[in-house]
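Keep in mind that the numbers below use all heavy atoms, side chains included, and drop hydrogens, waters and symmetry copies. In the text below, chain A, chain B and the rest are named by the order of the sequence lines, each starting its count at 1. Here the structure is a predicted model, which is why all the values come from computation and not from measurement.
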Amino acid sequence: MLDLKFIRTNPEIVKEALAKRHAAIDLDLFLRQEEKRRQLLFQVENYKAERNKTSEEVAKLKKSGGNAEDLINSMRNLGAKIKELEQDLAELDKQIQEVLYTIPNIPHSSVPVGKDENDNLEVRKWGKVREFTFDPLPHYELGKRLDILDFGRAGKVTGARFTFYKGLGAKLERALINFMLDRHCKKGYTEIFPPFMVNTQSMFGTGQLPKFEQDAFKVENTDYYLIPTAEVPVTNLFRDEILEAEKLPLAFCAYSACFRAEAGTAGRDTRGLIRQHQFNKVELVKFSLPEHSYQELESLTADAEAILQELELPYRVVVLSSGDLGFSSAKTYDLEVWLPSFNTYREISSCSNFEDFQARRANIRFRRGPKEKPEYVHTLNGSGLAIGRTVAAILENYQQEDGRIKIPQALQPYMGLEYIG
RNA sequence: GGAGAAGUAGCGAAGUGGUCAUAACGCGCCGCACUCGAAAUGCGGUUGUCCGCAAGGGCACGUGGGUUCGAAUCCCACCUUCUCCGCCA
């Protein structure tokens, strides 16, 4: 969420940001309400100051044995008036918050202005796309033939967009999780194994709520949501806390299952591992000083890229245009891996700098020194990487003419073999 | 799920209707003094937030309501933690 004071003093910047994102929010109405709120607040506080003063006099009078009846009677009206105004204020507050909570972050100046994903800009490309001497199969076809992925029975047992991994398929998934966590830990990330459910407050803190409720799975009769990414529990680790500046940056990596309702994607990527209601992911999360967050974004992105490089999977990096940028993000790089069956690059990681947008929602702050005012940290995160899509990429890119799958060199110690099949 | 206890500053803790909330007292932390230096000792300082150019004022004692002229204090609901019982991997 944006700073209310900032919106008030820089309405033009906010309007421009909203336009870049094609977000329809009536900022002028919002600002008028906000003005009204401040007037009301001022009035209520004046009344309260009067009440406090009089109450003190009552106390003094009673202590010295005097009669306070008149004062007490005169205060009855004031109390009622305060209560009434406070109700008005609460109502106005609610209206303002409803809008405030749906205003997206301001895109960073380096973000290309654009309409949608078609305006994303390629930043760099890595690796050589393989030339096949035979017709490559899609990963779901390979998975079925090798008997390592079972989509049909998952449909029976649970429903569409779920998968059973089996035998070496299951082992490959597990090997990738361990491989990625090991690599990130070696680079200084602290491993976290988070809860896979979080409460409403946490979902609000990272920006999933209130706007994107329909994308999440809620556990009935509880205040819990299945996490759509480990970003949510890990970023909320320090909610309502004040960190010491010397401890920053903090870097965490976390494996978790991720649960997404995938609302509005009916008919898209219905086959295979690309779009599931449940998938595994290793996530990177950083808490940074504001002045370092953009260099942290570069290094976090590089850390995610390093996994693809070690696995020798061709990929490219794109910077998302303002129209494609996520709600909470100020700048996002997507890593897209080459998938032969799609004959294109598909997203396998998304690395974002949220600046203080999440920190303000979740109230995560730091202090530069004793006596200094607390400031909001900058939060960042990125997939490092999505496991299911990595499995798909390995199956497709490493398939052999005889139907076997070669295991990437770096992963062989984790798999204990060179080929599946 | 049942019974009991507790939630106040970084930690421990006092306060049981009004001059006790910039919150006693203790520990910790920071500064100063003493010292060659340190320990010990002494003195001082140590919550956050909102409105306001400022002066000044408001709010917060787990959370939300209620009673009252006035609530940390009384009442109700909820949350969390601890102890015991039950169940369970």
Would B/rC20 be called syn or anti here, given the cut-off of 90° from 0?
syn
With P as the reference atom in both, quote the distance from B/rA40 to B/rG31 in angstrom, rounded to an integer.
15 Å
What distance do A/N353 atom CG and A/Y333 atom OH have between them, rounded to the nearest 0.5 Å?
10.0 Å
Complement of B/rA71, any strand, by Watson-Crick or G-U distances under 3.5 angstrom:
none
With a 4.0 Å cut-off on N to O distance, would you call A/R37 and A/E34 a salt bridge?
yes
Determine the Euclidean distance between corresponding P atoms of B/rU47 and B/rA24; express it in Å to zero decimal places.
10 Å
Rounded to whole Å, how long is the line connecting atom CD of A/Q201 with atom C1' of B/rC78?
15 Å
Please give, in whole Å, the distance from B/rG10 P to A/L243 CG?
13 Å
What integer distance in Å separates A/K373:NZ from B/rG48:C1'?
7 Å
Roughly how many Å apart are B/rU80 and B/rU22, using the P atom of each and rounding to a whole number?
31 Å
Sorted by chain and residue number, the side chain to side chain donor-acceptor pair (under 3.5 Å) partners of A/S322 (sequence neighbours excluded) come out as none
Mate of B/rC84 where both pairing distances stay under 3.5 Å, Watson-Crick or G-U
B/rG2
Check nucleotides 52-55 of chain B against the protein and report each pair of N or O atoms closer than 3.5 Å, with its distance, or say if there are none.
unit_1: B/rG52; atom_1: OP1; unit_2: A/R38; atom_2: NE; d: 2.7
unit_1: B/rG52; atom_1: OP1; unit_2: A/R38; atom_2: NH2; d: 3.2
unit_1: B/rG52; atom_1: OP2; unit_2: A/R8; atom_2: NH2; d: 3.3

For B/rC20, which nucleotide in any strand shown is its Watson-Crick or wobble partner with both distances under 3.5 Å?
none
What does B/rG31 pair with, Watson-Crick or G-U, if both distances are under 3.5 Å?
B/rC43
Listing request: all salt bridge (charged side-chain N to carboxylate O under 4.0 Å, His left out) pairs with a residue in residues 151-161 of chain A, at least two apart in sequence or in separate chains.
A/D150-A/R153
What string of B, S and - do you get for nucleotides 57-74 of chain B 5' to 3' if you count protein non-hydrogen atoms under 4.0 Å?
BBS-------S-BS----
Check this for me: does any side-chain nitrogen of one of A/K15 and A/D28 sit under 4.0 Å from a carboxylate oxygen of the other?
yes
Atom NZ of residue position A/K171 - does it have more than 12 heavy atoms of other residues, nucleotides or ligands inside 6.0 Å?
yes
If pairing means Watson-Crick or G-U wobble with both distances under 3.5 Å, then the partner of B/rA54 is none
Using whole Å, what does the distance between atom P of nucleotide B/rG10 and atom CD1 of A/I242 come to?
7 Å
Those residues that, when tested against A/E246, pass salt bridge (charged side-chain N to carboxylate O under 4.0 Å, His left out) (two or more places apart):
none
Considering residues at least two apart in sequence or located in another chain, which fulfil the salt bridge (charged side-chain N to carboxylate O under 4.0 Å, His left out) criterion with A/E173?
none
Determine the Euclidean distance between corresponding C1' atoms of B/rA3 and B/rG62; express it in Å to zero decimal places.
22 Å
Atom OH of A/Y376 and atom C1' of B/rG48 are separated, to the nearest Å, by 11 Å
Roughly how many Å apart are B/rG48 and B/rA23, using the P atom of each and rounding to a whole number?
13 Å
Applying the Watson-Crick and G-U wobble criteria at under 3.5 Å, what pairs with B/rC78? Answer none if nothing qualifies.
B/rG62
Using whole Å, report how far NZ of A/K247 lies from P of B/rG10.
14 Å
Sequence neighbours left out, what passes ring-ring contact (aromatic ring centres under 6.0 Å, His included) with A/F287? Give chain and number order.
A/F238
If the C1' atom of B/rA72 is compared with that of B/rC59, how far apart are they to the nearest Å?
15 Å
For B/rG48, does OP1 or OP2 lie under 4.0 Å from any side-chain N or O of A/R365?
no
For A/E117, the salt bridge (charged side-chain N to carboxylate O under 4.0 Å, His left out) test, sequence neighbours excluded, returns none
Checking N1-N3 plus N6-O4 or O6-N4 for Watson-Crick, or N1-O2 and O6-N3 for wobble, each under 3.5 Å, the partner of B/rA14 is none
Residues passing the salt bridge (charged side-chain N to carboxylate O under 4.0 Å, His left out) test with A/E45, sequence neighbours excluded, are none
Using atom OH of A/Y47 as one end and atom P of B/rG56 as the other, report the distance to the nearest whole Å.
23 Å
What's the gap between B/rA14 and B/rA21 when it is taken at their C1' atoms, as a whole Å value?
12 Å
Write down the distance separating the C1' atoms in B/rA89 and B/rU83, rounded off to the nearest Å.
23 Å
